[in-house]
S.K.: 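Just passing along the structure, written as structure tokens.
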Amino acid sequence: MGKNVVAINASPRARWNTAQLVQEAARGAEDVGAQVEVVNLYQLEPFMGCRSCFACMTEKSFGRCAIKDGLTETLDKIARADGLILGSPNYFGRPTAGFRALYERLCFQHLTYDLAQFSSNERSIPVLFVMASNAPDDKYDEIGYTAMIEEHVRTLERFIGPTTSFYTGDTLQTDSYDKFNWTMFDVEAKQRRHEEVFPQELARVRALAAELFA
Ligand SMILES: Cc1cc2nc3c(=O)[nH]c(=O)nc-3n(C[C@H](O)[C@H](O)[C@H](O)COP(=O)(O)O)c2cc1C
């Protein structure tokens, strides 16, 4: 039996860069026999971030987020999964608000504040953390994105399982730059990168997922 992998697109856009990266990572997992369910976070019923009720630290709901909302089913799916793909665009130097809500609840439900056992999660699963950004990849160190990604990797490793990151920058943000006065961008260069480099990035994330979820 292949692995059961949950793949999250935490971009509000269901067909753009992050969605495609997540979809290709899902294909990579499928290439090696996994069954993958892709969840578009922004198409779920409304949900919130952690509300600090600490129910997940009580016997009744130990290690399980007790909030019942649009995220509950996805958290349940992740709890049963053998692997997790988490993709988000970069919004102001961080993953999106929707990603953050999931991340808070996914990770905090396993935090214990118990010196004897810092995490209640006994089922470590591999995680692939994917990010798309406007900033180009080669600026990541300089503008702090490498450190930000590493911080997320550390937290995911602590509470979910061994985490690998993948990022790609300088994405195409729209298919109609002519509608806006976005003088910052070299539209032709953006378009060219989208046609020439982005497909290679999709292939790269697919191969990486195939390795991780084999
Ligand atoms: C609210 C918002 C904030 C953004 N902030 C940043 C940023 O701080 N750094 C960056 O590199 N890109 C930023 N971007 C650009 C997106 O990360 C980039 O266009 C990404 O490819 C969008 O992902 P998507 O195509 O999957 O929706 C921002 C976009 C939006 C909508």
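From a predicted model like this one, the values you see are computed outputs, not experimental measurements. Start at 1 with the first residue, then count along the sequence. Heavy-atom basis, side chains included; hydrogens, waters and symmetry copies ignored.
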S.K.: How close do Val22 and Ala7 get, counting heavy atoms only, and between which atoms?
M.R.: CG1-CB, 3.8 Å

S.K.: May I ask you to decide if Asp178's main-chain N or O and Ser176's side chain share a donor-acceptor pair within less than 3.5 Å?
M.R.: no

S.K.: Counting the benzene-type ring for Trp, do His110 and Phe118 have ring centres under 6.0 Å apart?
M.R.: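 Here the rings of Phe118 and His110 have centres that are no less than 6.0 Å from each other.
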
S.K.: How about Glu150 and Arg154: do any of their side-chain heavy atoms sit closer than 4.5 Å?
M.R.: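 A side-chain contact exists here, since the closest heavy-atom pair is under 4.5 Å.
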
S.K.: Taking atom types as modelled and ignoring hydrogens, do the side chains of Tyr140 and Ser133 form a donor-acceptor contact shorter than 3.5 angstrom?
M.R.: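 Ser133 and Tyr140 do have a side-chain donor-acceptor pair below 3.5 Å.
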
S.K.: Nearest heavy-atom pair of Ile85 and Ala26: which atoms, and what distance?
M.R.: CD1-N, 3.9 Å

S.K.: Listed by chain and number, what are the salt bridge (Lys or Arg N to Asp or Glu O under 4.0 Å) partners of Arg15, not counting sequence neighbours?
M.R.: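 Scan of Arg15 (salt bridge (Lys or Arg N to Asp or Glu O under 4.0 Å), adjacent residues dropped) gives none.
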
S.K.: Is there a donor-acceptor pair closer than 3.5 Å between any side-chain N or O of Ser88 and the backbone N or O of Ser11?
M.R.: no

S.K.: Report yes or no: does Thr163 contribute a side-chain atom to a donor-acceptor pair with the main-chain N or O of Gly161 at less than 3.5 Å?
M.R.: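 Checking the backbone N and O of Gly161 against the side chain of Thr163, a donor-acceptor pair under 3.5 Å is found.
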
S.K.: With the side chain counted from C-beta on, respond yes when Thr174 and Trp182 share a heavy-atom pair under 4.5 Å apart, and no when they do not.
M.R.: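 A side-chain contact exists here, since the closest heavy-atom pair is under 4.5 Å.
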
S.K.: Any sub-3.5 Å donor-acceptor pair from Thr171's side-chain atoms to Gln173's backbone N or O?
M.R.: no

S.K.: Does a side-chain heavy-atom distance below 4.5 Å link Leu202 with Leu21?
M.R.: yes

S.K.: Below 4.5 Å, heavy atoms only, C-beta onward: do Cys107 and Leu156 meet side chain to side chain?
M.R.: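 Heavy-atom side-chain distance check passes, below 4.5 Å.
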
S.K.: Do the charged groups of Arg204 and Glu201 touch, with an N to O distance under 4.0 Å?
M.R.: yes

S.K.: Do the side chain of Tyr42 and the main chain of Arg13 share a donor and acceptor less than 3.5 angstrom apart?
M.R.: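 Between the backbone of Arg13 and the side chain of Tyr42 there is no qualifying donor-acceptor contact (under 3.5 Å).
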
S.K.: Return the OG1 to CD distance between Thr164 and Glu157, rounded to the nearest 0.5 Å.
M.R.: 7.5 Å

S.K.: Using a strict cut-off of less than 4.0 Å between a Lys/Arg side-chain nitrogen and an Asp/Glu carboxylate oxygen, indicate whether Lys190 and Glu195 qualify as a salt bridge.
M.R.: no

S.K.: State plainly whether one hydrophobic cluster holds both Met184 and Val187, where clusters connect Ile, Leu, Val, Met, Phe, Trp and Tyr through side-chain heavy atoms under 4.5 angstrom apart.
M.R.: yes

S.K.: Nearest 0.5 Å, please: how far is CD1 in Ile149 from CZ in Arg94?
M.R.: 10.5 Å

S.K.: For Arg100, which residues count as a salt bridge (Lys or Arg N to Asp or Glu O under 4.0 Å) partner, sequence neighbours excluded?
M.R.: Glu104

S.K.: Above 12 or not: heavy atoms from other molecules or residues under 6.0 Å from CD of Glu188?
M.R.: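 No - once you tally the heavy atoms of other residues, nucleotides and ligands closer than 6.0 Å, there are 12 at most.
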
S.K.: Decide yes or no for Val39 and Leu44: does some side-chain heavy atom of the first lie under 4.5 Å from some side-chain heavy atom of the second?
M.R.: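 A side-chain contact under 4.5 Å exists here.
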
S.K.: Ring pair (Phe, Tyr, Trp, His ring centres under 6.0 Å) with His152: which of Tyr103, Tyr167, Phe159?
M.R.: Tyr103

S.K.: side-chain contact (heavy atoms from CB on, under 4.5 Å) between Leu102 and Ile8: does it pass, once the steps are laid out?
M.R.: CA-CA 10 Å; Leu102 169 67; Ile8 309 282; 4.0 Å; yes

S.K.: Please check: side-chain N/O of Asn90 versus main-chain N/O of Gly93, any donor-acceptor pairing under 3.5 Å?
M.R.: yes

S.K.: side-chain contact (heavy atoms from CB on, under 4.5 Å), that's the test. Do Met57 and Leu111 meet it? Break it down for me.
M.R.: CA-CA 8 Å; Met57 298 189 189; Leu111 194 149; 4.0 Å; yes

S.K.: If you look only at pairs with a residue in residues 185-214, which of them pass as a ring pair (Phe, Tyr, Trp, His ring centres under 6.0 Å), with sequence neighbours excluded?
M.R.: His194-Phe198

S.K.: If we only count heavy atoms from C-beta on, is the Arg80 to Lys77 side-chain gap below 4.5 Å?
M.R.: yes

S.K.: My understanding is that only residues two or more places apart in sequence, or in another chain, count here; which of them pass side-chain hydrogen bond (donor to acceptor under 3.5 Å, both in side chains) with Thr146?
M.R.: Asp141

S.K.: Any side-chain heavy atom of Arg158 sitting closer than 4.5 Å to one from Ser119?
M.R.: no

S.K.: Go through the structure and list residues passing salt bridge (Lys or Arg N to Asp or Glu O under 4.0 Å) with Arg206, not counting sequence neighbours.
M.R.: Glu24, Asp31

S.K.: Where is the tightest heavy-atom contact between Ala10 and Thr96, given as atom of each residue plus distance?
M.R.: O-OG1, 2.7 Å

S.K.: Using the rule that two of Ile, Leu, Val, Met, Phe, Trp, Tyr join whenever any of their side-chain heavy atoms come within less than 4.5 Å, decide whether Trp16 and Tyr91 are in one cluster.
M.R.: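 Trp16 does not cluster with Tyr91.
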
S.K.: Would you check if the side chain of Gln109 reaches a backbone N or O of Leu106 as a donor-acceptor pair within less than 3.5 Å?
M.R.: yes

S.K.: Let's go through Leu41 and Phe47 carefully: what are the C-alpha distance in whole Å and the side-chain angles of both, what is the deciding distance for side-chain contact (heavy atoms from CB on, under 4.5 Å) to 0.1 Å, and is it a yes or a no?
M.R.: CA-CA 10 Å; Leu41 212 54; Phe47 58 85; 3.7 Å; yes

S.K.: Among the clusters formed by ILVMFWY side chains lying less than 4.5 Å apart, do Val205 and Val32 turn up in the same one?
M.R.: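 No; Val32 is not reachable from Val205 via cluster members.
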
S.K.: Grab the two heavy atoms, one from Ala132 and one from Thr18, that are nearest each other, plus how far apart they are.
M.R.: CB-OG1, 3.8 Å

S.K.: How close do Ala209 and Ala29 get, counting heavy atoms only, and between which atoms?
M.R.: CB-N, 4.0 Å

S.K.: Start with the C-alpha distance between Arg193 and Leu172, add both sets of side-chain angles, then the distance that settles side-chain contact (heavy atoms from CB on, under 4.5 Å), and finish with yes or no.
M.R.: CA-CA 8 Å; Arg193 188 190 181 282; Leu172 192 75; over 6 Å; no

S.K.: Using the benzene-type ring in the case of Trp, are the ring centres of Phe99 and Phe129 under 6.0 Å apart?
M.R.: yes

S.K.: What heavy-atom pair brings Leu128 and Phe166 nearest, and what distance separates the two atoms?
M.R.: CD1-CB, 4.2 Å

S.K.: Ignoring hydrogens and angles, state whether a donor on the side chain of Thr74 or Arg105 is under 3.5 Å from an acceptor on the partner side chain.
M.R.: no

S.K.: Arg123: what forms a salt bridge (Lys or Arg N to Asp or Glu O under 4.0 Å) with it, not counting sequence neighbours?
M.R.: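 Scan of Arg123 (salt bridge (Lys or Arg N to Asp or Glu O under 4.0 Å), adjacent residues dropped) gives Asp82.
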
S.K.: Could you check whether atom CD of Glu45 has more than 12 heavy atoms from other residues, nucleotides or ligands sitting under 6.0 Å from it?
M.R.: no

S.K.: Take atom CD in Glu151; do more than 12 heavy atoms of anything else shown fall under 6.0 Å from it?
M.R.: yes

S.K.: Are Gln35 and Val5 packed together at the side-chain level, in the sense that at least one heavy-atom pair is separated by less than 4.5 angstrom?
M.R.: no

S.K.: Check for me, please, whether Leu71 and Ile125 land in the same ILVMFWY cluster - side-chain distances under 4.5 Å, paths through other members count.
M.R.: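 Yes, one cluster joins them.
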
S.K.: Can you tell me how far NZ of Lys139 sits from CD of Glu142, rounded to the nearest 0.5 angstrom?
M.R.: 5.0 Å

S.K.: Honestly curious: do Val38 and Leu84 fall in one hydrophobic cluster under the side-chain, below-4.5 Å linking rule?
M.R.: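 No: no chain of side-chain contacts under 4.5 Å links Val38 to Leu84.
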
